[in-house]
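Everything on this sheet refers to the single structure shown next.
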Amino acid sequence: MSVAKNLDRIKSQLLENVTLVAVSKFHPKEALEEAYNAGQRIFGESRVQELDGKAKDLPSDIQWHLIGHLQTNKVKFIVPYIDTIQSIDSWKILFEINKYAEQAGRKIKCLLEIKIAQEDSKFGLSFDDCRALLRDQNWKALQYVRICGLMGMASLTDNEVQIRKEFKSLKSFSDELKSSFFSDNPEFCEISMGMSHDYKIAVEEGATIVRVGTSIFGEREY
Ligand SMILES: *Cc1c(COP(=O)(O)O)cnc(C)c1O
C-alpha cells in the first residue's frame, strides 16, 4: 500500500472535525514528501534533532507537532518553527517554552500530556499533578503559550475494553478542566488520543486529534 492510499483510507474513517497528525518519526524525508504530495500538512515527530533536520529540508507550510518528551535545553531549537508541542509534562517546560517564544515573537500551541495508561510511563502528568499545575495560577501569566488541550496514550494492549476506559478517562478529565479552569477560554478544546492500533476507538470516545504513524508509513526501522 502506498502512503497516499493509506492516508486516504484513514481520513475516510475519521470524522470531519478530527485532525490527523502523520507521525513520521524514524522515516526518511522521502516518505514525508510522499505524504506531503498527497496533501498531508501536519506531521508529528518525537525527537528534536530528527525534527530539526526534517524541518530544514521540507516545505515551510508543514505544521510540525512535537509528540515526544522535550528537555528544557532543546526548547530553543524548535520554538522558531514548531506549531504544537503535545508533550507538556511540567511547569518548568511550559515556562521555558514561553521564554523562548517571547524572544521569537510567537505564540505556541501546547497540549498537556496526561498519564492514562496502566503501565508506568516515564513521562506525562498524573491527573493530580495536572490539577496542581493549573490551580497554581502562574501559567496564566505566560503570554506566549496557548494551552489548547490534552494529549494521552492508552496502554499497549489488545484489550479494547481497557483502551476505551482510558480514553474515556481523558475525555472526562478534559471536561473537568474545561469547567474548572478554562470556562472563559474556548481555545482549550483539543483531545489528542489514538494511534495506529486504537485511533478508531479514540475517535468514538471524543478525540479531536489522532496521531498515526505505522498505518501510514509502515513499520519503523530503529
Ligand atoms: C510513535 C507515536 C505515535 C504513533 O504510533 P503508531 O503506532 O506508529 O501509529 C503516536 N503518539 C506518540 C506519542 C508516539 O510516540
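When a ligand or atom number is given, it counts from 1 through the structure's own listing order.
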message: Do Ser172 and Asp175 pair up side chain to side chain, a donor and an acceptor below 3.5 Å, judged on atom types alone?
response: no

task: Using a strict cut-off of under 4.0 Å between a residue heavy atom and any atom of ligand 1, list the qualifying protein residues by chain and number.
output: Val23, Lys25, Ile67, Met153, Met195, Ser196, Arg211, Val212, Gly213, Thr214, Arg220

Parallel, tilted or perpendicular: ring planes of His69 versus Phe123, cut at 30 and 60 degrees: parallel

message: Going by side-chain hydrogen bond (donor to acceptor under 3.5 Å, both in side chains), name the residues that satisfy it together with Glu50, two or more places apart in sequence or in a different chain.
response: Arg47, Lys54

query: Does Asp8 have any side-chain hydrogen bond (donor to acceptor under 3.5 Å, both in side chains) partners at least two apart in sequence or in another chain, and if so, which?
result: none

query: Quick one: ring pair (Phe, Tyr, Trp, His ring centres under 6.0 Å) partners of Phe43, sequence neighbours excluded?
result: Trp64

query: Can a cation-pi geometry be assigned to Arg106 and Tyr144, taking NZ or CZ under 6.0 Å from the six-membered ring centre and within 45° of the ring axis?
result: no

